[in-house]
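Quick note on labels: first sequence line is chain A, next is B, and so on, each numbered from 1. Keep in mind that the numbers below use all heavy atoms, side chains included, and drop hydrogens, waters and symmetry copies.
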Amino acid sequence: MINSNSILVPIPALFSFQECVWFLNRNYDDCLHEIREGDVYKALEVNGQMLLIRISENGAFLEIELLEGDIDEEGKANLVAYVREWFDMDNPIQPFYDLLQSDGRLAYMTESYKGLRLIGISNLFEAICWSIIGQQINLSFAYKVKRALVEKFGNKITRGGQSYYVFPEPGLLAEVSKEELKAIQFSSQKADYMIGIARAFASGTLSKELIVSLPDFEARKKALTVHKGIGVWTANYALMKSLREPQGIPYGDIGLLNALANHNIIQDRKELGKIDALFSQYAGWESYLVFYLWRSLTVRDSA
DNA sequence: AACCAGGCGCATG
DNA sequence: CATGCGCATGGT
């Protein structure tokens, strides 16, 4: 049923909502969205107002429904832009598929993961905090820590007895004490890193706009790594997920290395030359290649 | 019960 | 520039 609170977005070529949803719902407990019956539920905060949306597939369209909250025409346009960006719908990925197709080791991905898009994290602050949380710990635990943080400090909207959260604002986390973070299982170092990043965002020393405005990839990377807690891996992850930089390769990422080993592209983790050689073949699509390699780490549930 | 996990900063050669 | 180490703590 289409009503005034529903928006239809045409689905582009090489886009599979199911593949994207599968990724969002793989075997981890992400607190910033909910999947039910194949539909995506997500809370958003727009101009201080909490919204709840549901995204589903409707024929040749994605349907975005506003379940809670109120927005005007401009708000609707922003909502559509948000979803298109989140699922990378405006990026024609055929060239990437052509590259995969000509690569014997990876060609199967064009069928197995057909239409999977690089799911983004539009909020740069969130992307950086998430990668700090995820540094050097297993993902199951990382998602637990993120949930504790979000449920303690994030705004929420409730519907049908269920709460949906948005990531906390930097201004709030800038005032949090180290002890509060350690209580939710941050290490002492990560607590310092995150408070520092929150303060940088709260004061305007660091922002997505500022990073975007820099002239090139290296400058953007450098502007990120000057902050404590943002190393090469985190900077690349943030550039890949939030700024959608094709060159954002999280070098050293253990999952990436494992995936490369699984595909017999490297034998051990020190073969940096082979890794560079592979990525040089995917110029312009490096981050997509990383994303697809990460995808390959989780086996699809046959059920 | 070890060993590992979607690293980082800092100190040393 | 490369290597080594401590950090912290849950998963497997």
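- Rounded to whole angstrom, the span from the CG atom of A:Leu272 across to the P atom of C:dT3 amounts to 9 Å.
- Counting non-hydrogen atoms under 4.0 angstrom, A:Ile254 reaches the backbone sugars and phosphates but no base.
- One can place CZ of A:Phe141 at 5 Å from P of C:dG10, the figure rounded to the nearest angstrom.
- Distance NZ (A:Lys146) to P (B:dA5): 21 Å, rounded to an integer number of Å.
- Cation-pi geometry between A:Arg295 and A:Tyr292 is not met at under 6.0 angstrom from the ring centre and within 45 degrees of the axis.
- Checking the phosphate oxygens (OP1, OP2) of B:dA5, a side-chain nitrogen or oxygen of A:Arg269 falls inside 4.0 Å.
- For C:dC1, the paired base is B:dG13 (Watson-Crick or G-U wobble, both distances below 3.5 Å).
- Whole-Å rounding puts the A:His227 NE2 to B:dG7 C1' distance at 18 Å.
- Contact annotation: A:Ser140 side-chain N/O to B:dA5 OP1/OP2 distance is not under 4.0 Å.
- Taking atom P on both nucleotides, B:dG9 is separated from C:dG10 by 23 Å, rounded to a whole Å.
- For the pair A:Lys42 and A:Trp86, the cation-pi test (distance below 6.0 Å, angle within 45°) is passed.
- Residue A:Phe186 is out of contact with every strand shown, counting any heavy-atom pair closer than 4.0 Å.
- Looking only at side-chain heavy atoms (C-beta outward), A:Ile133 and A:Leu149 come within less than 4.5 Å of each other.
- At whole-Å resolution of the value, CD1 in A:Ile133 and P in C:dG10 are 15 Å apart.
- The existence of a salt bridge linking A:Arg105 and A:Asp103 is confirmed by a sub-4.0 Å separation between a basic side-chain nitrogen and an acidic carboxylate oxygen.
- Regarding A:Lys178, its NZ atom lies at a distance of 13 Å from the P atom of C:dC7, rounded to whole Å.
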**Report entry** From CA spacing to verdict: side-chain contact (heavy atoms from CB on, under 4.5 Å), A:Lys146, A:Asp30
**Finding:** CA-CA 8 Å; A:Lys146 173 173 149 184; A:Asp30 196 323; 3.1 Å; yes

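- Within the shown strands, B:dA5 is the pairing partner of C:dT9 under the Watson-Crick or G-U definition, both distances less than 3.5 Å.
- Comparing B:dC4 with C:dC5, their P atoms sit 15 Å apart, to the nearest whole Å.
- At a threshold of 4.0 angstrom between heavy atoms, the contacts of A:Ile230 are confined to the sugar-phosphate backbone, with no base atom among them.
- A donor-acceptor contact under 3.5 angstrom links the side chains of A:His263 and A:Tyr108, judged on distance only.
- Using a cut-off of 4.0 Å between Lys/Arg side-chain N and Asp/Glu carboxylate O, A:Glu126 and A:Lys208 are scored as not salt-bridged.
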Side-chain atoms of residues 47-54 of chain A: list all donor-acceptor pairs with protein atoms under 3.5 Å, sequence neighbours left out, distances to 0.1 Å.
residue : atom : partner : partner atom : Å
A:Gln49 : OE1  : A:Asp70 : N            : 2.9
A:Gln49 : NE2  : A:Asp70 : O            : 2.8
A:Arg54 : NE   : A:Glu65 : OE1          : 3.0
A:Arg54 : NH1  : A:Tyr41 : OH           : 3.0
A:Arg54 : NH2  : A:Glu65 : OE2          : 3.2

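- Among the protein residues, A:Gln135 comes within range of the sugar-phosphate backbone only, with heavy atoms under 4.0 Å from sugar or phosphate atoms but none that close to a base.
- Atom CG in A:Asn138 sits about 12 Å away from atom C1' in B:dC3, given to the nearest Å.
- Of the residues in residues 187-196 of chain A, those with a non-hydrogen atom less than 4.0 angstrom from any atom of DNA chain C are A:Ser187, A:Ser188, A:Gln189.
- For C:dT9 and B:dA1, the C1' atoms lie 15 Å apart once the distance is rounded to whole Å.
- Using a 4.0 Å heavy-atom cutoff across all strands shown, A:Arg295 reaches no nucleic acid atom at all.
- A sub-4.0 Å separation between OP1 or OP2 of B:dC4 and a side-chain N or O of A:Asn258 is absent.
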